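In the text below, chain A, chain B and the rest are named by the order of the sequence lines, each starting its count at 1. Note that the structure is predicted; figures quoted are calculated from it, not measured.
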Protein chains: 6
Amino acid sequence: MKNEPQIMPNCFIGCETPFNESETVLFGAPFDGTVTFRPGSRFAPAQMRPDSYGLESYSPYQDVDLEDAKIHDAGDLDLPFGNTAHALGAINEFVSHIVQANKRPLMIGGEHLVTLPALQAVYEKFPDICLIHFDAHTDLRMDYLGEKLSHATVMRRIWERLGDDRMFQFGIRSGLREEFIWARTHTHLYPFNLDKLEGSVPLFKDRPLYVTVDLDVLDPAVFPGTGTPEPGGVSFQELLHALCALRGLHIVGADVVELSPHYDNSGVSTAVACKVVRELALTMSTFS
Amino acid sequence: MKNEPQIMPNCFIGCETPFNESETVLFGAPFDGTVTFRPGSRFAPAQMRPDSYGLESYSPYQDVDLEDAKIHDAGDLDLPFGNTAHALGAINEFVSHIVQANKRPLMIGGEHLVTLPALQAVYEKFPDICLIHFDAHTDLRMDYLGEKLSHATVMRRIWERLGDDRMFQFGIRSGLREEFIWARTHTHLYPFNLDKLEGSVPLFKDRPLYVTVDLDVLDPAVFPGTGTPEPGGVSFQELLHALCALRGLHIVGADVVELSPHYDNSGVSTAVACKVVRELALTMSTFS
Amino acid sequence: MKNEPQIMPNCFIGCETPFNESETVLFGAPFDGTVTFRPGSRFAPAQMRPDSYGLESYSPYQDVDLEDAKIHDAGDLDLPFGNTAHALGAINEFVSHIVQANKRPLMIGGEHLVTLPALQAVYEKFPDICLIHFDAHTDLRMDYLGEKLSHATVMRRIWERLGDDRMFQFGIRSGLREEFIWARTHTHLYPFNLDKLEGSVPLFKDRPLYVTVDLDVLDPAVFPGTGTPEPGGVSFQELLHALCALRGLHIVGADVVELSPHYDNSGVSTAVACKVVRELALTMSTFS
Amino acid sequence: MKNEPQIMPNCFIGCETPFNESETVLFGAPFDGTVTFRPGSRFAPAQMRPDSYGLESYSPYQDVDLEDAKIHDAGDLDLPFGNTAHALGAINEFVSHIVQANKRPLMIGGEHLVTLPALQAVYEKFPDICLIHFDAHTDLRMDYLGEKLSHATVMRRIWERLGDDRMFQFGIRSGLREEFIWARTHTHLYPFNLDKLEGSVPLFKDRPLYVTVDLDVLDPAVFPGTGTPEPGGVSFQELLHALCALRGLHIVGADVVELSPHYDNSGVSTAVACKVVRELALTMSTFS
Amino acid sequence: MKNEPQIMPNCFIGCETPFNESETVLFGAPFDGTVTFRPGSRFAPAQMRPDSYGLESYSPYQDVDLEDAKIHDAGDLDLPFGNTAHALGAINEFVSHIVQANKRPLMIGGEHLVTLPALQAVYEKFPDICLIHFDAHTDLRMDYLGEKLSHATVMRRIWERLGDDRMFQFGIRSGLREEFIWARTHTHLYPFNLDKLEGSVPLFKDRPLYVTVDLDVLDPAVFPGTGTPEPGGVSFQELLHALCALRGLHIVGADVVELSPHYDNSGVSTAVACKVVRELALTMSTFS
Amino acid sequence: MKNEPQIMPNCFIGCETPFNESETVLFGAPFDGTVTFRPGSRFAPAQMRPDSYGLESYSPYQDVDLEDAKIHDAGDLDLPFGNTAHALGAINEFVSHIVQANKRPLMIGGEHLVTLPALQAVYEKFPDICLIHFDAHTDLRMDYLGEKLSHATVMRRIWERLGDDRMFQFGIRSGLREEFIWARTHTHLYPFNLDKLEGSVPLFKDRPLYVTVDLDVLDPAVFPGTGTPEPGGVSFQELLHALCALRGLHIVGADVVELSPHYDNSGVSTAVACKVVRELALTMSTFS
């Protein structure tokens with residue numbers, strides 16, 4: 001046989017940089033153990049890789065190509081089942097590994113609780129980190145039916161680490177009345193849309209940032225494949241513009257969570273998740 | 001066994017008020033016998049109850065909670081099959097029962113024809129009632145293939161009771177040319193969107209109102225699970241704002257119709273229907 | 001209003017007997033927290049109730065009607081999320097309540113782990129109980145990724161209570177080699193089909209029996225809506241005949257588990273689960 | 001342009017014979033107005049035509065080709081909506097037209113009630129006709145919630161015309177206890193499977209026959225796309241062998257009903273219905 | 001039989017004009033052989049015809065009815081499989097036939113490559129034709145994996161015929177960087193939305209125009225049933241307004257491509273495609 | 001970080017042997033360019049890998065584990081689009097590479113035409129090879145609409161290489177009359193089921209064999225996710241027993257083709273395909 005066989009890559013499109021040469025490390029955290037309504041986000045990263053080839057690696061919005069952004073796709077973590085603490089531990093350990101290698105983690109969930117161990121690992125290196133949080137839900141409960149670790153409490157747990165005035169929440173349109181009241185004095189919660197993001201960018205300058213995108217911030221028309229669809233969300237373009245508004249900022253870690261692909265057999269939700277990952281990865285690569 | 005077993009409620013979220021203490025009575029009218037394209041709205045109310053728990057009972061838009069709105073969920077009517085007149089009779093009888101108890105009916109369809117007997121029952125008590133009608137379709141035919149009772153004729157039948165200038169139609173974007181012409185002299189028909197609603201509110205002050213929401217007024221992107229999807233509809237936010245614009249008015253009855261859940265396996269249409277019911281129920285509760 | 005409104009029942013078809021007059025108590029245990037492949041069995045009981053009306057309450061196979069079998073449908077347990085121990089505790093408590101009232105529990109899962117607390121409660125009253133187990137999978141692992149409580153270990157946990165020679169496993173066609181070897185000395189494992197059941201019936205005479213039906217014992221052609229579809233299973237008729245072969249035996253508790261309805265949009269899997277519940281409930285009612 | 005454009009046929013595969021030269025006339029009766037559980041069989045004939053080209057017109061079972069069987073596809077009747085009597089009248093009229101032209105009608109439903117007017121039209125010409133009935137359900141109720149014309153009563157209405165001992169029912173596995181009892185003295189009801197068909201063939205010799213195939217006689221594994229799936233049915237091969245056993249008999253009319261294609265997105269149910277139509281049409285063509 | 005049987009038409013709604021009396025000829029070109037991601041647009045025209053009856057033939061946007069627009073539906077071409085050149089040849093031949101009869105072709109794809117032979121046929125008669133192109137993708141590659149004829153190269157092939165400054169591309173949001181660069185000097189490419197269309201209309205006056213609508217210009221929320229869904233597209237209303245802005249222009253040919261109906265089981269994408277065809281057909285009919 | 005992160009494998013379950021140490025090389029050939037009805041088998045191998053983990057690597061039927069069978073998963077070939085000859089050439093080249101390394105190829109399609117280049121490569125080394133062919137369709141046409149290379153002609157092309165009496169076809173139930181006639185004198189065609197396989201095994205002794213499994217040999221109830229579902233096929237158990245009957249024979253190459261996963265959203269067809277691959281791979285490993 002003259003030439004090596006041509007084998008299809010099994011990484012996310014345009015993310016073929018070896019770990020050592022990479023600046024951003026993409027990986028999957030297929031955990032959905034605390035979901036209260038519809039589970040299935042465990043299947044997200046495995047579904048996204050092949051479907052990412054339905055897109056292009058080039059973004060005409062940012063005029064950059066993923067192939068130039070030095071991204072390594074490390075695959076999916078093999079997480080223990082039915083034991084939340086163990087799964088979170090494994091995520092924390094892997095993100096620490098990335099951060100210690102002076103690279104930026106870009107995690108694909110899984111449910112939103114996976115943000116907690118990832119952020120904690122990044123926080124070890126960047127203790128003055130701020131959180132930019134896109135979501136339909138407050139996620140600020142003290143506990144959920146007695147459980148402290150839940151996708152409905154994750155932002156409250158993160159607040160316990162970061163404290164007041166370090167969390168910026170955009171697009172929120174669902175929660176308990178108590179959560180909305182509590183947020184008034186502890187976080188920057190901008191409900192219903194992303195209109196306040198652009199004006200907030202000056203606050204983010206020169207600070208290390210972690211960006212977490214719960215994809216259910218999007219309207220379910222755009223993104224039906226998710227665990228708790230909440231009508232009345234933002235359009236893809238609004239989210240895209242928000243992500244692009246963060247260009248040049250010091251994003252030291254990020255994640256994209258809550259795609260539950262089996263609830264959208266059209267494949268559109270997976271395509272949306274892939275394009276959000278592409279644009280977020282490119283935005284992250286613009287800090288210098 | 002020390003404590004009573006904890007059993008999940010089988011009512012719509014936040015609607016656990018007993019009938020006697022309630023101000024609004026929610027119930028299902030699972031009838032779809034005259035649908036011309038895709039049937040299946042008979043399955044709507046049974047699907048909505050469990051899925052309503054994917055939402056919260058609290059609305060951050062109106063800053064009210066369903067649990068405070070004194071709503072009783074009476075379940076679904078057991079309607080005879082294949083005989084339109086009998087089914088409409090049973091609905092009329094049940095709505096009369098609610099109205100005579102000085103409560104507000106909030107009916108979940110079923111197809112749009114169920115509005116006719118409900119409105120007729122409310123009309124008995126409030127003969128000066130006006131109708132606010134959200135829909136993609138005119139529903140103003142004199143008959144449909146010879147049939148007088150049809151989801152395509154329901155507004156014409158209602159007009160025969162109410163007469164000119166008592167019906168306000170919003171979002172209409174489909175019908176026969178004749179229907180649009182007829183509407184010019186008999187109803188207030190505002191086509192394509194809901195932009196004229198806010199300006200119409202002063203007309204509604206101090207009058208008893210019946211609000212009927214055919215969910216296909218929404219764009220099929222937002223609400224694919226319906227019998228006759230008609231592209232070019234309004235967004236969820238537009239409908240939400242319209243409903244909120246009715247706060248404080250004297251709504252004496254209402255319905256939400258035409259969810260056909262089997263046509264949207266993602267569950268999003270059901271979530272949309274549930275959220276419309278929540279916001280409409282809360283709007284109704286603001287009259288004093 | 002002359003007559004009371006006719007409201008549709010929200011119980012399983014033919015199970016309207018009040019608790020006190022009932023002999024069998026049907027209830028749902030919507031827990032799927034340890035599922036390793038595809039979750040979603042939490043939605044089973046809520047989906048089965050309305051769909052049960054697509055069947056008849058009369059069984060021509062057994063010539064009995066559910067309406068004669070004195071069954072009470074108690075609804076679904078409201079189980080805490082993300083905490084396996086608490087959920088199992090609530091199930092155990094509720095089954096104890098049923099058993100102490102001298103009634104037979106008939107539980108609808110949920111995943112297979114729910115059998116553990118139910119059987120433990122029944123065992124308190126009937127310590128010489130035997131288990132009849134229909135399944136595609138051995139479920140005999142000592143642990144699963146370190147976890148003791150898992151749908152993959154449930155039969156091992158039950159064995160720890162019952163001991164050797166008390167468990168009869170039918171239809172098994174998937175597992176680790178170690179599980180098959182272990183079963184040789186500890187349980188009666190009849191692989192691949194149900195052919196050995198009829199011959200085993202004499203062994204079951206005069207003993208209290210618990211019957212657990214993991215619906216994935218059926219071929220996925222018959223029952224696609226399940227968490228771990230395993231090709232090569234039995235037909236509906238084979239399972240039906242097996243259940244009928246148990247008529248007259250002393251079944252003191254039973255369950256039907258692992259319907260994951262969102263994976264079968266045709267609704268057929270739900271219909272199958274309902275019919276299995278009907279036939280099992282009728283079989284249970286034949287002991288005297 | 002040299003040659004005529006090649007346009008795809010829009011008839012059922014192999015059924016391009018003009019009406020005048022045809023022996024069998026195939027047509028659709030898209031009516032589903034009395035269905036009690038899941039409607040949608042109105043969409044069956046329009047879905048079957050294009051999908052029939054996924055099969056071949058040649059049957060290796062019977063070694064005959066549809067193209068040799070002189071079949072005309074007349075298209076679908078345009079039936080009035082929401083008025084059962086009118087729809088049945090139009091079917092009756094069209095079948096009379098076929099019968100008077102000395103051709104055999106082969107009707108595609110729609111729900112099972114369409115058999116009534118078709119059989120009545122055939123009966124006018126062949127008053128000693130017998131009915132061969134494949135079904136999961138008895139369809140022998142006197143009325144359904146007070147309605148005389150229903151898919152649940154159609155066989156009782158036909159009996160009122162034919163009288164005792166003229167109806168042969170195969171595969172029945174669902175109904176009220178009363179229906180099974182009534183059938184003992186009025187029809188030949190062979191429950192659960194088709195085993196008794198072959199032995200009955202001598203009774204059918206030299207008599208005009210009408211064959212009605214309610215496709216839900218098949219197991220829902222084979223045929224999920226139907227209104228009331230009833231687990232425990234026959235395999236495709238069993239139905240095929242039964243149809244082939246009727247070769248050479250004097251079948252003067254037939255129908256295939258109760259495909260509801262939207263409930264099976266895999267398209268398999270439609271393929272099954274097409275193949276049943278092919279084999280039944282070929283069987284009908286063997287009388288001489 | 002007194003009156004002729006009433007048979008449903010099998011053409012697109014309102015397109016029953018005979019060929020000779022028609023001004024526009026609608027037909028299907030069910031070819032999808034070069035699709036790189038998800039095939040299936042071959043099924044589009046056969047699905048659209050019956051579903052078009054879910055709409056009305058009257059457009060309230062344009063206040064015209066399809067029944068007045070003299071449209072003939074010629075059915076679908078029977079195209080050879082697996083041989084791109086032969087399929088394109090057959091399309092070219094059929095469009096030439098239409099053009100030579102002084103009628104306007106309105107083609108339903110199939111994939112986008114079908115535009116090439118259609119435009120070439122129209123170009124023979126109107127060599128100064130301009131192309132108005134709605135799409136998510138540039139389609140301007142020189143080749144795709146070495147192939148010249150591909151849905152990813154179709155606009156480049158057309159440019160080779162038309163030359164610079166004759167192609168106007170709207171809504172483009174995906175492609176290689178090289179394609180975007182190349183377009184700057186060869187086509188009028190307006191990315192991301194349709195905002196520039198209205199201002200371009202004066203350029204189109206008095207010129208023969210071909211309009212090609214790749215439906216993936218729409219956001220996948222609106223139109224999920226397509227081969228390469230690309231998030232961030234335009235709304236239905238934006239496309240509708242763009243089409244209406246072309247009223248009165250000299251459109252001599254048009255097509256609507258890339259509906260892949262099996263990827264949207266809700267049927268909404270098919271409804272959208274039908275409504276785009278209706279509005280485009282009506283727009284075409286306004287030139288005088 | 002103490003221990004290496006645990007990353008999930010992206011190969012087929014139990015196929016982690018390095019190429020050099022392997023005896024069997026599994027790979028995907030995602031080509032579906034000549035499919036005449038429903039395309040999509042290009043998506044099969046990428047879907048099967050993650051879903052294979054829903055099964056176990058151990059087979060209780062054969063009492064062997066994939067982990068002991070020395071299988072290397074080489075990934076999927078990156079095949080050129082829209083050019084059949086190029087795609088077949090790449091497959092041929094890769095299989096030659098495997099065969100020259102003295103390993104057995106086990107290919108996952110794609111459509112059935114991929115068997116042609118694979119078999120040709122194996123034939124170079126084993127010119128006396130026989131073909132064992134499981135299928136619903138004859139695949140023996142001389143050409144299909146003029147095309148020589150098609151999934152409907154693949155067995156005829158192979159016959160041109162192998163000649164008479166070297167092809168054994170099982171389960172065939174669809175084709176043209178001419179194909180069935182032609183097969184009588186050129187191949188061993190056993191229609192409808194696999195009953196004749198076991199008796200044929202002595203003929204296969206001591207000969208190199210290629211086994212091709214077109215999964216549509218299975219009944220569509222078992223395997224709906226395929227391009228041309230043909231009712232009346234064999235059960236999973238029948239196919240399983242047939243594969244096990246081949247244990248110990250000298251299978252030098254094999255493939256499993258025609259899974260089109262998007263047509264079965266339940267995932268069952270993918271599970272079936274994975275289990276067939278597992279059992280076939282284990283059977284292949286038994287020759288010594």
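- The distance from the CZ atom of B:F94 to the CD1 atom of C:I7 is 4.5 Å, given to the nearest 0.5 Å.
- The 12-atom threshold is not exceeded at NE2 of C:H86, counting heavy atoms of other residues, nucleotides or ligands nearer than 6.0 Å.
- The side-chain heavy atoms of C:P30 and B:M8, taken from C-beta on, include a pair separated by under 4.5 Å.
- B:Y53 pairs by the side chain to side chain contact (heavy atoms under 4.5 Å, CB included) definition with B:P9, B:C11, B:I13, not counting sequence neighbours.
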Exercise for the section: Please assess C:Q47 against B:Q47 for the test side chain to side chain contact (heavy atoms under 4.5 Å, CB included), listing each intermediate value before the final yes or no. Expected result: CA-CA 8 Å; C:Q47 192 72 44; B:Q47 193 72 44; 4.1 Å; yes
